[in-house]
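Everything on this sheet refers to the single structure shown next.
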There are 2 protein chains.
Amino acid sequence: MYADAYIIYTFTAMNKYAVIVAGGSGSRMGAAIPKQFLLLKGRAVLWYTLETFLSAYEDLQIILVLPVEHTETGLSLARVTRDPGRIRLVSGGLTRFESVRNGLELVSPDSLVAVHDGVRCLVSARLIQRCFEQAAGLGSAIPVIACRDSVRRVEGTEAAISSPVDRSALRLVQTPQTFRSEVLLPAFRVPYHPGFTDEATVVEASGTAVHLIEGEDNNIKITTPIDLVIAESLLGGV
Amino acid sequence: MYADAYIIYTFTAMNKYAVIVAGGSGSRMGAAIPKQFLLLKGRAVLWYTLETFLSAYEDLQIILVLPVEHTETGLSLARVTRDPGRIRLVSGGLTRFESVRNGLELVSPDSLVAVHDGVRCLVSARLIQRCFEQAAGLGSAIPVIACRDSVRRVEGTEAAISSPVDRSALRLVQTPQTFRSEVLLPAFRVPYHPGFTDEATVVEASGTAVHLIEGEDNNIKITTPIDLVIAESLLGGV
């Protein structure tokens with residue numbers, strides 16, 4: 001009982017940050033507008049992401065990382081959220097690693113930090129909370145889901161040899177990838193490496209194993225026009 | 001020129017079959033109705049699949065494999081398609097392998113055979129045609145798409161150790177998996193093996209490599225209630 005109460009006290013006292021990365025140029029959408037600013041029922045994709053994080057915890061601070069040319073758009077989006085005072089803007093870098101590192105400069109010690117894709121706008125407040133709770137106890141929480149399709153591995157170029165892969169051992173990785181700051185901050189004090197595909201791989205490169213938790217089927221990334229249609233129906237229908 | 005004309009002549013003369021497997025019990029949907037019979041805009045999921053295959057080629061024959069207890073429902077669905085005379089029903093087995101093998105008993109030599117998941121009801125006629133064309137020339141055509149999420153491999157049980165996987169080498173496998181009959185029929189004359197997760201793995205076990213082609217993002221499997229919402233919006237919106 002005492003231990004539980006202590007953990008709850010510690011958790012409440014810790015700073016909570018969400019570094020929301022929205023650096024995409026939108027080239028895959030065939031649209032001039034970067035995908036984080038595309039409209040879903042009249043609101044930008046990124047607005048939904050910001051709103052859900054703000055609603056997850058009253059004391060959560062958002063660090064929004066955007067390409068410098070989109071600062072104005074980012075500010076105007078932040079202004080129409082429920083609590084603009086909890087959102088700060090930071091300029092993105094050339095890679096996701098650099099963008100996240102820029103965002104982490106605003107994170108204070110003894111914090112919990114969630115790093116999230118701005119285009120995963122259907123994330124639920126409940127998943128955000130589970131990530132923070134698990135990361136507080138275990139150092140990290142990486143949401144993953146099972147892979148529902150059969151999977152094959154191709155060797156070399158496109159038309160080449162392929163072989164089946166056991167999908168039961170595979171997990172598709174989502175965000176928010178959430179960490180205690182003493183795990184995440186030191187891991188980012190290294191030069192960029194092409195193996196850094198997400199925050200989990202950066203933390204692992206620093207010698208710390210990461211902890212996987214159950215993600216959400218709905219927590220999709222908006223990367224194609226079809227995804228916008230899907231997201232619109234999920235927002236309305238579920 | 002002569003060679004092309006010959007291929008076109010051969011292709012036209014070949015029998016075309018689609019073995020549509022709809023054996024699921026629907027347990028993952030939390031519904032009493034098996035997922036292939038759930039309604040999308042007032043029509044069963046399986047109805048859309050049947051219609052699209054019938055529309056792909058005037059001379060394509062469908063072999064619909066259903067659990068014996070769903071024969072009546074299957075027949076009544078077939079009756080409201082554009083051409084019920086091209087649909088025959090066959091009873092399913094305990095495994096997908098057995099179900100497909102039952103269906104293949106109705107396939108004549110010198111044919112092209114597509115094996116398709118009944119719950120992939122958003123497949124396009126164009127993808128079906130590309131599968132048949134490629135399989136005619138190359139012996140097989142397995143539609144696959146790139147994996148858009150980061151991927152990890154878990155070792156042993158759930159909370160265990162995991163490691164990143166290079167997703168650029170992975171492909172998610174779809175259906176219709178399409179073959180020349182002289183490749184597919186002999187491959188199925190073996191006892192069931194747990195490694196037979198789809199038709200590609202059966203054909204490979206017979207010593208023949210399979211050929212991958214580009215699938216479609218929309219060609220999803222209806223396995224959760226969310227998928228129904230998604231499918232409904234894709235049917236209406238794209």
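In what follows, chains are A, B, ... by sequence order, proteins preceding strands, each numbered from 1.
Ion pairing of A:Asp149 with B:Arg171 is absent here, as no side-chain N (NZ or NE/NH1/NH2) approaches a carboxylate O to less than 4.0 Å.
In the model, A:Arg148 has a side-chain atom that pairs as donor or acceptor with a side-chain atom of B:Thr223 under 3.5 Å.
At a heavy-atom cut-off of under 4.5 Å, chain B is reached by A:Thr197, A:Asp198 from residues 185-198 of chain A, listed in order of number.
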Can you check side-chain contact (heavy atoms from CB on, under 4.5 Å) on B:Val151 and A:Leu172, steps first, answer last?
CA-CA 5 Å; B:Val151 180; A:Leu172 305 179; 4.0 Å; yes
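Of all the listed residues (B:Thr201, B:Asp166, B:Val144, B:Leu170), the one sharing the greatest number of non-hydrogen pairs under 4.5 Å with chain A is B:Leu170.
Here the straight-line distance linking atom CG of A:Asn218 with atom CD1 of B:Ile226 works out to 3.5 Å at 0.5 Å rounding. One finds the CZ atom of A:Arg153 at 11.5 Å from the SG atom of B:Cys147 (value rounded to the nearest 0.5 Å). Between the CZ atom in A:Arg152 and the CD1 atom in B:Ile142 there is a gap of 7.0 Å [rounded to 0.5 Å]. Distance check: A:Ile230 CD1 to B:Ser233 OG gives 6.0 Å after rounding to the nearest 0.5 Å. Between atom CD of residue B:Glu204 and atom OG of residue A:Ser162 there is a gap of 6.0 Å, rounded to the nearest 0.5 Å.
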Can you give the donor-acceptor pairs under 3.5 Å from side chains of residues 41-49 of chain B to other protein atoms, not counting sequence neighbours?
from, atom 1, to, atom 2, distance (Å)
B:Trp47, NE1, B:Val80, O, 3.2
B:Tyr48, OH, B:Leu40, O, 2.6
B:Thr49, OG1, B:Val45, O, 3.4
B:Thr49, OG1, B:Gly118, O, 2.7

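Contact annotation for A:Ala209: neither backbone nor side-chain heavy atoms come within less than 4.5 Å of a heavy atom of chain B.
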